[in-house]
Amino acid sequence: MDKKMDWKAYRLTYTKQAKDILKTLSLEEKVSLMSGSEIRSEVRGAIRKKLKVHYNEHPYRAGGIKEKDIPAMLFADGTRGVVCGCKKATCFPVASMRGAAFDPELEEEIGRAIAEEVLDVGANFFGGVCVNLPYHPGWGRAQEVYGEDPYLLGRMGSALVRGVQENGVIACVKHFAFNSMENARFKVSIECDKRTEREIFLSHFKKCIDAGAGSVMSAYNRYQGAMCGENEYLLRQVLRNEWDFDGFTICDFVWGVKDTVASASSGLDIEMPITHFYGEKLLEAVREGEVTEQTIDESALRIIRTLLAHEHFIEEHKKEGSCDYRKHQELALRCVGEGITLLKNEDQLLPIDCKKGKKIVVLGSYADRENIGDRGSSQVYAPYVVTILQGITEYPADVEVIYYSGESASHCRRLAKEADVVVIVAGNDYLDEGECVANESVDVTVQNEGGDRTDCLGLKEEHLRIIDAVGKVRQDAVVVLVGGSMILMDEWEDQVGAILMAYYPGMEGGKAVADVLFGKTNPGGKLPFVIPKKKEDLPEIDWDAEEFRYDYYHGYTLLNKSHVKPLYPFGYGLSYTTFTLAGMKAWKDEENLYASVIAKNTGKWEGSEVVQMYVGAADSKVERPEYVLKDFRKIRLDAGEEKEVKLVCPIREMAYFDEGRNEFVAEFSIPYEVYVGTSSLREDLWVREV
């Protein structure tokens, strides 16, 4: 299939067929299309781990009328793979690690693999394109998104949309919108000015819609006082009237709808995964004149048209035996190498020299744990998980590996003294960050698992004790960090020799981490978020707020505005080889800003580099960040090889939202500052004015 297929145009070709079917339907049948078919007690019991079956073990169904040739919507959740099934699906690295890969083509490939597995479990809908912007890195579900930058979110999210839909599966973009808190998600109302709304929090959603996404899921939280699943401004004015979205919308599960009339009238098409406020209540609302039948017809038409188009495409392109799970596992392994991020490597400690007889000490309980991320709605039930300890001990090297979980600081010191190499595995797990699972009353949430990192953005005391103990006898330990988002490390960073950010690396993570530690794989990741020196450099946040205002600046743009140097900047990551950039050129024409640079691998290893283009507009009519990411290219070079890298930013991509005119305004005549480099740090960037 053509990757650039116009899904919107394709779906619209089914409008007449959908209208013809719609004419044959009774009101009851039309409303049935808008209604999830699951049983509340089973869904809630599964998500709270109180049943033998897990959440979404089978595809969750909505609608479908076989006698009228209308397919059902069959939902498969996930952001790191397919949740349906048991001991079969591929667990890919979390989205934050895939964002660190800075590789949209790789993300499309992952999307195609996920879609094959969606179809293999009997579903036709993937609810895992999550592009919410983490306003603060303590957000519990930051692991489910690609990073802090709107451009990166849009570029990677749209790549996943294209990959998933290349196999005909409907890609659902979530959670629309402003969903960046877990603990307060059922009660908080977000406020922000219109420019912040459009440029910072909605722009990446629009990129996914422009890529052809067939569905959008609303969020639990409120925006400007109205629930997102009942928010006419978001669902009708923005999504449909302004962005011309042609697919259908669904609510976030169970509590995404609280008012029948408000949701249906605002353009919420399907209540998922159960029917409580739609079904009979929606029928009654129509009969009482509170919801028009035209509104029902519009929703039913969108649902029928989208399902017909995707179902016909799936049937036409279906291939027997097309789901190769082993191939997908190899893809998951490769993805870790592309995303794992080398932050520090003093005296080239890494890769580890595998000389015969070397003694490697591995410390920390997380080394021997299947730590693949959140255990909420995105949990993937893979056939196996390779732990980091397993990856190290099974690596084909003639070395002695000693493991200790790390309870005794004095024993950690003794082992560290005797070792040739010390590897400390530290970070977070699903108890520290993830989805905040609610009780039956959403007024009270379970706080002993997941949720936001409200108290600690650094390492837990048990991990700090190990680092401190080892640091008293040597300063060359290797720290492997696991976690879904930024981890503060200024208090211990100078006590160790090397730091690898491994995120939550998926089912093949342990093998892939070992491949990097021993040099089989050259780490290729770049930070998709900034790591400040202290939490005070981050935006203020109230994790228990009922009302909260998001501001324009966050992440690296906030630090730049405040003239604060981070510990590690957005876009930063080392390699086992070295690269230089030279000969930068920049120019523009009537439509675009361009840059080119010669990238050269000056080291002894084959490796990858991410060349990044940032753009500033100091002469703009409005205040702007000093510069923002607007293009990137991941290149792979052999030792000594050089290549010209070209980057482009459409001037319209730099448009600002004019609140008075209620539209984006592109400034074609002003000069722009074009920055090119290997991270967002000013010292790492060349700049030219065009």
Side-chain angles (χ1 to χ4, degrees), residues 96-97 100 336 339-353 359-369 371 387-389 391-392 395 401-407 409 411-413 415-417 419-429 432 456-505 509-510 512-519 521 523 525-527 529 531-533 566-568 572-576:
S96 59
M97 183 174 224
V336 180
I340 195 169
T341 309
L342 181 61
L343 298 177
K344 184 177 182 179
N345 194 23
E346 285 189 353
D347 302 321
Q348 287 73 53
L349 278 168
L350 293 177
I352 297 169
D353 186 353
K359 182 184 291 185
I360 299 173
V361 168
V362 181
L363 300 174
S365 61
Y366 281 18
D368 195 28
R369 186 176 298 182
N371 195 3
T387 68
I388 292 175
L389 179 62
I392 292 172
Y395 189 84
V401 178
I402 299 171
Y403 167 67
Y404 178 56
S405 57
E407 287 87 348
H411 191 49
C412 288
R413 283 195 295 271
L415 290 173
K417 283 181 181 179
D420 295 298
V421 179
V422 178
V423 177
I424 301 170
V425 181
N428 295 315
D429 67 5
D432 303 305
C456 180
L457 294 174
L459 292 178
K460 292 187 282 287
E461 186 60 36
E462 62 183 277
H463 298 152
L464 291 174
R465 281 200 305 269
I466 296 172
I467 293 172
D468 183 66
V470 173
K472 283 181 166 58
V473 296
R474 59 193 301 165
Q475 282 74 50
D476 64 348
V478 178
V479 174
V480 178
L481 291 174
V482 289
S485 184
M486 181 278 301
I487 296 174
L488 291 175
M489 59 186 82
D490 190 52
E491 63 179 303
W492 56 265
E493 187 257 358
D494 61 354
Q495 299 178 51
V496 304
I499 304 172
L500 266 175
M501 183 68 194
Y503 309 87
Y504 293 117
V513 169
D515 286 348
V516 170
L517 289 172
F518 291 111
T521 301
K526 298 281 188 171
L527 284 175
F529 41 72
I531 300 180
K533 294 181 179 179
L567 183 64
Y568 293 110
Y572 176 84
L574 300 173
S575 171
Y576 292 156

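Remember, it's a predicted structure, so these values are computed and weren't measured experimentally.
- Residues Val516 and Val336 have side chains not in contact (no heavy-atom distance under 4.5 Å, counting atoms from C-beta outward).
- Minimum interatomic distance between Leu350 and Ala498 (heavy atoms only, all atoms of both residues): CD1-CB, 3.9 Å.
- The shortest non-hydrogen separation linking Asn428 to Asn371 is O-ND2, 2.9 Å.
- Aromatic ring pairs are classed by plane angle as parallel below 30°, tilted from 30° to 60° and perpendicular above 60°; the pair Tyr404 and His411 is perpendicular.
- Rounding to the nearest 0.5 angstrom, the gap separating the CG atom in Asp429 from the OH atom in Tyr366 is 3.5 Å.
- Counting heavy atoms from C-beta on, the side chains of Leu342 and Tyr576 come closer than 4.5 Å.
- The distance from the CG atom of Leu488 to the CD atom of Glu493 is 12.0 Å, given to the nearest 0.5 Å.
- With hydrogens and angles ignored, the 3.5 Å screen pairs no side-chain donor or acceptor of Lys359 with any backbone N or O of Ala419.
- Pairing each heavy atom of Pro351 with each of Phe518, the nearest pair is CB-C, 3.7 Å.
- Distance alone, capped at 3.5 Å, places no donor-acceptor pair between the Lys344 side chain and the Val479 backbone.
- Side-chain contact between Met489 and Leu481: present, with at least one pair of heavy atoms (C-beta onward) separated by less than 4.5 Å.
- Put simply, the residue from Val513, Val401, Val480, Thr387 that forms a side-chain contact (heavy atoms from CB on, under 4.5 Å) with Ile392 is Val401.
- The two residues Gly339 and Ala100 make their nearest non-hydrogen contact at O-CB, 3.4 Å.
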Original post:
So Glu346 and Asp476, side chain to side chain contact (heavy atoms under 4.5 Å, CB included) or not? Walk me through it.
Top reply: CA-CA 8 Å; Glu346 285 189 353; Asp476 64 348; over 6 Å; no
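- One N or O on the side chain of Arg474 and one on the backbone of Ala416 form a donor-acceptor pair closer than 3.5 Å.
- Partners of Asp490 according to the salt bridge (charged side-chain N to carboxylate O under 4.0 Å, His left out) rule, which considers only residues two or more places apart in sequence or in another chain, do not exist here.
- Counting only heavy atoms from C-beta outward, the side chains of Met486 and Pro532 approach each other to under 4.5 Å.
- Rounded to the nearest 0.5 angstrom, Met97 CE and Ile340 CD1 are separated by 5.0 Å.
- Between the side chains of Tyr503 and Thr341, at least one donor N or O sits under 3.5 Å from an acceptor N or O.
- Between Met501 and Ser485 the shortest heavy-atom distance is CE-O, 3.6 Å.
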**OP:** Using the side chain to side chain contact (heavy atoms under 4.5 Å, CB included) rule, take Ile388 and Val482 through it: C-alpha gap first, then chi angles, then the decisive distance, then the call.
**Re:** CA-CA 10 Å; Ile388 292 175; Val482 289; 4.1 Å; yes
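- Distance check: Asp468 CG to His463 NE2 gives 14.5 Å after rounding to the nearest 0.5 Å.
- The two residues Ser365 and Glu462 come nearest to each other via the heavy atoms OG-OE1, 3.8 Å.
- When the options Leu459, Leu457, Ile499 are evaluated for a side-chain contact (heavy atoms from CB on, under 4.5 Å) with Ile487, the one that passes is Leu459.
- For the atom pair CG of Leu517 and CG of Leu500, the computed distance is 6.0 Å after rounding to the nearest 0.5 Å.
- In this structure, Asp368 has no salt bridge (charged side-chain N to carboxylate O under 4.0 Å, His left out) partners at least two apart in sequence or on a different chain.
- Taking CH2 of Trp492 as the reference point, atom CD1 of Ile467 lies at 4.5 Å (rounded to 0.5 Å).
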